[in-house]
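Here is the structure we will look at, set down as C-alpha cells.
Only heavy atoms go into these numbers, but all of them, side chains included; no hydrogens, no water, no symmetry mates.
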Amino acid sequence: MGYAVIFLIEFIYYPILAAVAVPVNLVAIVILSRGKCGLSKCITRYLVAMAAADLMVVIIDVLLHRINSMYFLVSFLLLTPVCTLNLVVYIVAVDCSVWFTVAFTFDRFIVICCQKLEPKYCTEKTATVVIATMFVVSCVRSVPFYYLMEPLFTIDNVPWHCIPTAEYFTSPLWKAYEWIDSFITPVLPILFILLFNALTVRHIISANRVRRGLRSNSENQNDPEVKNRRKSMILLFTISANFVLLWITYLVHSVNWPVINFYYTDKYLSNPIYITQQVGFMLQLLSSCTNTCIYGLTQRKFREELKTGVKYLFTLNGKLCQTQTVGMDLERAL
C-alpha cells in the first residue's frame with residue numbers, strides 16, 4: 001500500500017518551506033532591527049516581533065516536528081516528554097505570531113483613526129509591554145496542553161510519540177476547552193483584524209473626502225498626508241489579507257473537526273478531513289515566511305536595505321577571495 005498523496009506532497013513541501021522561511025525571517029529581523037526602513041520605532045518593534053515569532057514557528061513545527069517525523073523513524077525528538085514540550089512551545093509561537101499581527105493591526109488603527117491617542121499609545125515602550133504581555137499570556141494558556149498528551153507506545157520503559165489522552169475525546173471539559181482554544185486562535189484574531197481594517201478603511205475614505213474638499217486638485221496630487229496614509233494602508237492591508245487568506249482553511253477545519261494524526265504515525269491516511277487538515281497546516285505555515293516578501297514589495301527602503309546587504313556580502317566575499325589569492329601568491333614567491 002503506497003503513501004497518501006498528501007504525505008508525498010508534504011515530504012517535498014516542508015523542506016523547501018524551511019529552506020526559504022528560516023533565512024527570510026532572519027533577513028527581516030536584521031534589516032528591521034537596523035531601523036533604517038523609514039518606519040517608526042513602534043511599528044518596527046511589532047514587525048520584528050512578528051518575524052521572530054514566525055521564525056520560531058518554522059523551527060519548532062517545520063524543522064523539529066514535521067521534517068523530523070517524516071524523515072527519521074527514531075529520534076530523541078520523538079520521545080514523549082520532548083515532543084510534548086515541542087507541542088507546547090509550538091502553541092506559544094503560533095499564538096504570538098497571530099496575536100502580534102492583531103497588535104500590529106490595532107496599532108495602525110490607532111495611528112490612522114484615533115490620532116489623539118497616538119502620542120500615548122503608539123510608542124516603543126507600549127509596543128514592548130504589549131508584546132511581553134501577549135507572550136506571557138500565551139505561555140500560561142499553553143500549559144494545559146502539556147497534560148493533554150500521552151505516549152503512543154512504550155519500548156523498554158521508554159515512551160515514544162505523543163497522542164491525546166482518551167479523556168480528551170470523551171470529556172466535555174476538554175471539548176469545551178478545544179472550542180475555546182479554536183476561538184482564541186484563530187477565530188477571534190481574524191474577527192479583530194477584519195473589524196480594525198473595516199474601521200480604518202471607513203476613516204481613510206471619510207478623511208480623504210474632507211481633504212479633497214479643502215485642497216485644490218494640484219495640491220491633492222502632491223498631498224504628503226495622503227501619500228503617508230496610502231503607504232500605511234498598503235502595508236497594513238497586505239499583511240492582514242495575507243494572514244486571513246492563509247489561515248482560512250485551518251480555521252474551517254479547527255472549528256469542525258479535531259486534529260487527526262498530528263505526528264504522522266499513520267502515513268496512509270487519505271480521507272477528505274485529513275487532507276483538509278494538512279492543507280490547512282501547509283497554508284498556515286506558509287504565512288510564516290510571506291511577510292518579508294510583503295515588506296520587499298511594499299516598502300522601498302526595505303528593498304534598498306536588502307540590496308545593500310546583498311552587495312555587502314558579495315563585496316566581502318570578493319575581498320576574502322582577493323586576500324586568499326594574495327596569500328597564495330606570497331607562498332609561491334617564498
Side-chain angles (χ1 to χ4, degrees), residues 4 6-7 10-11 14 18 53 56-99 134-187 247 250-251 253-269 271 273-282 284-285 288:
I6 188 65
F7 175 78
E10 291 176 293
F11 196 81
Y14 284 121
M56 289 306 301
V57 170
V58 174
I59 291 174
I60 297 297
D61 193 36
V62 178
L63 286 174
L64 300 185
H65 166 215
R66 298 185 185 279
I67 292 178
N68 180 71
S69 299
M70 289 178 175
Y71 283 83
F72 302 101
L73 296 177
V74 179
S75 167
F76 80 95
L77 293 172
L78 299 177
L79 293 171
T80 301
V82 178
C83 67
T84 302
L85 181 62
N86 186 63
L87 173 63
V88 172
V89 176
Y90 161 72
I91 292 171
V92 173
V94 169
D95 264 12
C96 288
S97 176
V98 170
W99 283 99
M134 288 182 169
F135 173 73
V136 171
V137 171
S138 297
C139 290
V140 173
R141 197 182 75 80
S142 67
V143 170
F145 287 97
Y146 186 82
Y147 302 97
L148 171 65
M149 311 305 287
E150 66 180 5
L152 176 64
F153 52 82
T154 302
I155 301 177
D156 296 331
N157 294 323
V158 178
W160 292 92
H161 290 284
C162 308
I163 58 171
T165 61
E167 185 182 8
Y168 170 74
F169 298 100
T170 58
S171 171
L173 183 63
W174 273 117
K175 194 65 178 178
Y177 189 85
E178 180 188 359
W179 273 93
I180 293 172
D181 177 67
S182 296
F183 182 75
I184 293 175
T185 304
V187 176
W247 273 81
Y250 175 87
L251 171 63
H253 179 274
S254 64
V255 170
N256 288 281
W257 303 289
V259 174
I260 303 171
N261 192 31
F262 189 72
Y263 277 90
Y264 297 93
T265 51
D266 185 351
K267 300 177 177 63
Y268 305 100
L269 287 174
N271 67 72
I273 296 177
Y274 178 72
I275 292 174
T276 302
Q277 169 189 284
Q278 298 308 100
V279 171
F281 283 140
M282 292 167 70
Q284 171 217 326
L285 291 167
S288 298

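- Put simply, CG on Leu148 and CD1 on Ile163 are 10.0 Å apart, with the number rounded to the nearest 0.5 Å.
- The SG atom of Cys162 lies 9.5 Å from the OH atom of Tyr146; values are rounded to the nearest 0.5 Å.
- Shown here for Asp266 and Asn261, the closest heavy-atom pair between the two residues is O-ND2, 2.6 Å.
- Aromatic ring centres of Phe145 and Tyr177: separated by under 6.0 Å.
- Atom-to-atom distance recorded for Thr84:OG1 and Glu150:CD is 10.0 Å, nearest 0.5 angstrom.
- The closest side-chain heavy-atom distance from Met56 to Val92 is not below 4.5 Å.
- With contacts defined as side-chain heavy-atom distances shorter than 4.5 Å, the pair Ile155/Phe153 qualifies.
- Contact check for Asn68 versus Leu78: side-chain heavy atoms found under the 4.5 Å cut-off.
- Counting only heavy atoms from C-beta outward, the side chains of Pro81 and Pro159 approach each other to under 4.5 Å.
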In sequence, state the C-alpha distance, the side-chain angles, and the governing distance for Lys175 and Tyr168, and then conclude on side-chain contact (heavy atoms from CB on, under 4.5 Å). CA-CA 7 Å; Lys175 194 65 178 178; Tyr168 170 74; over 6 Å; no
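- For the pair Pro164 and Met149, the minimum side-chain heavy-atom distance is below 4.5 Å.
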Step by step, would you call Asp95 with Met134 a side-chain contact (heavy atoms from CB on, under 4.5 Å)? CA-CA 8 Å; Asp95 264 12; Met134 288 182 169; over 6 Å; no
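- Enclosure of atom OH in Tyr71 by more than 12 non-hydrogen atoms of other residues, nucleotides or ligands within 6.0 angstrom is indicated.
- Within the 4.5 Å cutoff, the side chain of Leu251 has heavy atoms near those of the Val187 side chain.
- Rounding to the nearest 0.5 Å gives a distance of 8.0 Å between CD of Gln278 and NE2 of His253.
- A donor-acceptor pair under 3.5 Å is formed between the side chain of Gln277 and the backbone N or O of Ile260.
- Distance check: Leu87 CG to Leu64 CG gives 13.0 Å after rounding to the nearest 0.5 Å.
- With rounding to the nearest 0.5 Å, the separation of CG in Leu63 from CG in Asp61 is 9.5 Å.
- Between Trp247 and Tyr250, the ring planes are perpendicular. Angles over 60° get that label, and only those under 30° would be called parallel.
- With hydrogens and angles ignored, the 3.5 Å screen pairs a side-chain donor or acceptor of Asn271 with a backbone N or O of Ile273.
- In this structure, the side chain of Ser182 does not engage the main chain of Trp179 through any donor-acceptor pair within 3.5 Å.
- In this structure, the side chains of Met282 and Arg66 stay at 4.5 Å or more apart for every pair of heavy atoms.
- In this structure, His65 and Tyr264 have tilted ring planes: the angle between them lies in the 30° to 60° band.
- Across all non-hydrogen atoms, the minimal contact from Val58 to Ala18 is CG1-CA, 4.2 Å.
- Looking only at distances, a side-chain donor or acceptor of Ser142 sits under 3.5 Å from a matching main-chain atom of Cys139.
- Contact between Val140 and Pro144 at its shortest, heavy atoms only, is O-CD, 3.9 Å.
- The shortest non-hydrogen separation linking Tyr14 to Val62 is O-CG1, 3.6 Å.
- Contact of the Asn86 side chain with the Leu77 side chain is not registered, since no non-hydrogen atoms from C-beta on lie closer than 4.5 Å.
- Note on ring orientation: taking the six-membered ring where Trp is involved, the planes of Phe11 and Phe7 are tilted (angle from 30° to 60°).
- Of all heavy-atom pairs spanning Ile184 and Trp99, the tightest one is O-CZ2, 3.2 Å.
- Contact record, Tyr274 with Ile6: CE2-CG2, 3.9 Å, taken as the closest heavy-atom pair.
- Side-chain atoms of Thr80 come within 3.5 Å of backbone N or O of His161 as a donor-acceptor pair.
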Test side-chain contact (heavy atoms from CB on, under 4.5 Å) applied to Thr154 and Trp160, step by step: CA-CA 6 Å; Thr154 302; Trp160 292 92; over 6 Å; no
